[in-house]
Amino acid sequence: MDTYRELSIGIPKEYESIRTTAHRFAKEVMRPAAIELDRMADPQDVIAPNSPLRQVMKKAYGLGYHVAGIPVALGGLGLDPLGSHILHEELAWGSVDLSIAIGVAGFPAMIAGLSGNSDLYETIMKPFIEDREAAFIGCWAITEPNHGSDQLMVGTPEFHDPKVKGEVVARTEGDSYVISGQKAAWVSNGTIATHAALYLRIEPGSPGAATGMSGGGVAVVPLNLPGVSKGKPLNQMGQRALNQGEIFFENVRIPRHYMVVNSDTYEQQTMATLTMANGGMSTAFTGLARAAYEVALDYSKERIQGGRPICEHQLVQKRLFEMFTKVEACRALSRAVTVYNSSSGAPSLQHAIAAKTFCTQASFEVANDALQIFGGNGLSKEYPIEKLFRDARASLIEDGTNEVLSLAGARHILAESDGHGHA
């Protein structure tokens, strides 16, 4: 069943059409595919040329979901932040892992668009916008074997510690950058991506280099260049429909203008990316929380114990209402943060982190409660809640652990309360 009730008065009528279409796609295409992909024992089968993953991506691109926020004049759907939130909540309701794959796919094009460089627009951004076959799939390549959440501690003294350095390094050589190093197995879309938004360290002595994690840059890197190789897809506990895997760079040469962000603006750009990514995670796991609540609500009306449906037992009723409340709270916070940060000239990272940590924790709690309502059946792969539970658990670590992100958010709150612009 669909328990969604729109509480915002005055939402344009066309948004209901967007939601209805996205909900149908999520229900009829994404959810069945995600279940099938989840049950594949070998992650290599997940990324096979004719796998359901490829089919979902192609259909999503065909509907323009990969360019939802890009203006219609440029070939996108032209959705404003509220419309985008409505769309992506529905997609995640169907499959949070596939919805993340669709969302991450646009990272390199987004970085290329920031450059203002006509060559990058023609070779990176325009082909992505025009793609309706999922031939262009991007990834956000930031995590490394020895660096994860620490790469996201922007605005803190630790981010400038010269002892903590990124492992993928770019050095200047004439009119090029030469890149070497490894990205970890947690790069979403890592082994199926055609392009990377590559977050790296710029070698000391190179133009714009700085110390510590702040001494970074962001490059757009086609992954068919000589020297690029990929590891095997990760075999993970949850979100198994989301391809993840290592990427290796061995003296990979890119033109100088492919380095879109240098160290002088790297921290600012990373903060902007983190703000956007945290908002996106809050939206996605609002969708998962709602999915878990709805399957539990349906099941509670069917399951008989003590001679009556379990929804008539007060303890189950209390649990259901608490789940309902958390879903509504997730939507209210994630939507407010998404709209504000996408519309404001001064986005709030601490609010984005609050949305990510709250919504992912709430989604895990809702999924856990839903599994409890299913009882023993909740442990069986024959029911959808078992997958939702595993998917939700991954979110507490994904895109930065909630503990480390909370510390970064606290630093920003303290700095702001002291009247400073940084921690």
Side-chain angles (χ1 to χ4, degrees), residues 29-30 32-67 88 91-92 94-112 123-125 127-144 168 179 182-199 219-249 252 277 280 284 391 394 398-399:
V29 178
M30 295 181 71
I35 292 171
E36 183 178 350
L37 292 165
D38 181 71
R39 292 173 178 172
M40 292 181 178
D42 187 351
Q44 199 68 46
D45 294 335
V46 172
I47 64 171
N50 295 318
S51 81
L53 169 63
R54 304 286 187 174
Q55 296 166 24
V56 170
M57 295 293 282
K58 183 175 180 179
K59 290 176 181 177
Y61 275 50
L63 291 168
Y65 290 160
H66 66 307
V67 289
H88 288 290
L91 298 184
S95 164
V96 75
D97 32 12
L98 290 173
S99 73
I100 291 172
I102 295 166
V104 172
F107 266 59
M110 178 191 72
I111 295 297
T123 59
I124 305 293
M125 190 172 184
F128 175 73
I129 292 173
E130 294 177 348
D131 184 12
R132 294 297 182 269
E133 300 292 327
F136 186 125
I137 298 176
C139 67
W140 177 24
I142 185 168
T143 182
E144 296 177 345
V168 175
I179 302 167
Q182 175 187 351
K183 288 297 177 182
W186 302 105
V187 177
S188 295
N189 290 347
T191 70
I192 64 171
T194 59
H195 296 75
L198 181 61
Y199 285 59
V220 176
V221 182
L223 296 178
N224 61 352
L225 293 177
V228 176
S229 59
K230 300 174 181 177
K232 62 182 181 180
L234 185 67
N235 193 4
Q236 64 246 46
M237 178 184 80
Q239 299 182 33
R240 293 176 60 82
L242 174 63
N243 166 250
Q244 294 182 308
E246 299 164 310
I247 308 177
F248 303 90
F249 302 88
V252 178
D391 290 349
E398 199 170 9
D399 283 6

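Just so you know, these numbers come straight off a predicted model, no measurement behind them. No hydrogens, no waters, no symmetry mates; every other heavy atom, side chains included, goes into these values.
- Between the side chain of Lys183 and the backbone N or O of Tyr199, at least one donor-acceptor pair lies under 3.5 Å.
- How far NZ of Lys58 is from CZ of Arg132: 13.0 Å, rounded to the nearest 0.5 Å.
- What you find for Asp391 and Gly238 is that their closest heavy atoms are OD1-C, 3.6 Å.
- Using a 4.5 Å heavy-atom cutoff, the side chains of Met30 and Ile35 are not in contact.
- One distance of note links NE2 of His66 with CD1 of Ile129; it measures 8.0 Å at 0.5 Å rounding.
- Closest heavy-atom contact between Ala241 and Leu53: O-CD1, 3.8 Å.
- With contacts defined as side-chain heavy-atom distances shorter than 4.5 Å, the pair Lys230/Leu223 qualifies.
- Looking only at side-chain heavy atoms (C-beta outward), Trp186 and Asp399 stay at 4.5 Å or farther from each other.
- By the 4.5 Å heavy-atom criterion applied to side chains, Val187 and Gln244 are not counted as neighbours.
- Residues Thr194 and Asn224 have side chains not in contact (no heavy-atom distance under 4.5 Å, counting atoms from C-beta outward).
- The backbone N or O of Ala101 lies less than 3.5 Å from a partner atom in the side chain of Asn189, making a donor-acceptor pair.
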Does the pair Val56 and Ser95 meet the rule for a side-chain contact (heavy atoms from CB on, under 4.5 Å), with working shown? CA-CA 11 Å; Val56 170; Ser95 164; over 6 Å; no
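- Ring planes of Phe107 and Trp140: parallel class, angle under 30° (limits at 30 and 60°).
- Here the side chain of Arg240 pairs no donor or acceptor atom with the backbone of Arg39 at under 3.5 angstrom.
- Rounding to the nearest 0.5 Å places OG of Ser188 at 12.5 Å from CD1 of Ile137.
- For the atom pair CE of Met40 and OG of Ser51, the computed distance is 6.0 Å after rounding to the nearest 0.5 Å.
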Please walk me through it: do Phe249 and Leu198 pass side-chain contact (heavy atoms from CB on, under 4.5 Å)? CA-CA 11 Å; Phe249 302 88; Leu198 181 61; 3.9 Å; yes
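- One finds the OH atom of Tyr61 at 6.0 Å from the CG atom of Asp131 (value rounded to the nearest 0.5 Å).
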Could you go through the side chain to side chain donor-acceptor pair (under 3.5 Å) check for Glu144 and Gln182 one step at a time? CA-CA 7 Å; Glu144 296 177 345; Gln182 175 187 351; over 6 Å; no
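- Here the options are Asn235, Leu37, Thr191, Leu242, the test is side-chain contact (heavy atoms from CB on, under 4.5 Å), and the partner is Val46; only Leu37 passes.
- Considering CD1 of Ile192 and CG of Asn243, their distance stands at 4.5 Å, rounded to 0.5 Å.
- A pairwise comparison of heavy atoms in Ala33 and Leu98 identifies CB-CD1, 4.3 Å as the closest pair.
- Taking the six-membered ring where the residue is Trp, His195 and Phe136 present parallel rings, their angle staying beneath 30° rather than reaching 60°.
- What you find for Ala92 and Ala284 is that their closest heavy atoms are CB-O, 3.1 Å.
- Two residues are said to be in side-chain contact when any heavy atoms from C-beta on lie closer than 4.5 Å; Ile111 and Pro108 fail this criterion.
- For the pair Gln44 and Pro233, the minimum side-chain heavy-atom distance is below 4.5 Å.
- Summarising the geometry of Ala60 relative to Ile102, their closest heavy-atom pair is CB-CD1, 3.6 Å, with the distance given to 0.1 Å.
- A side-chain donor-acceptor contact under 3.5 Å links Gln236 to the backbone of Gln239.
- Contact of the Val228 side chain with the Phe248 side chain is not registered, since no non-hydrogen atoms from C-beta on lie closer than 4.5 Å.
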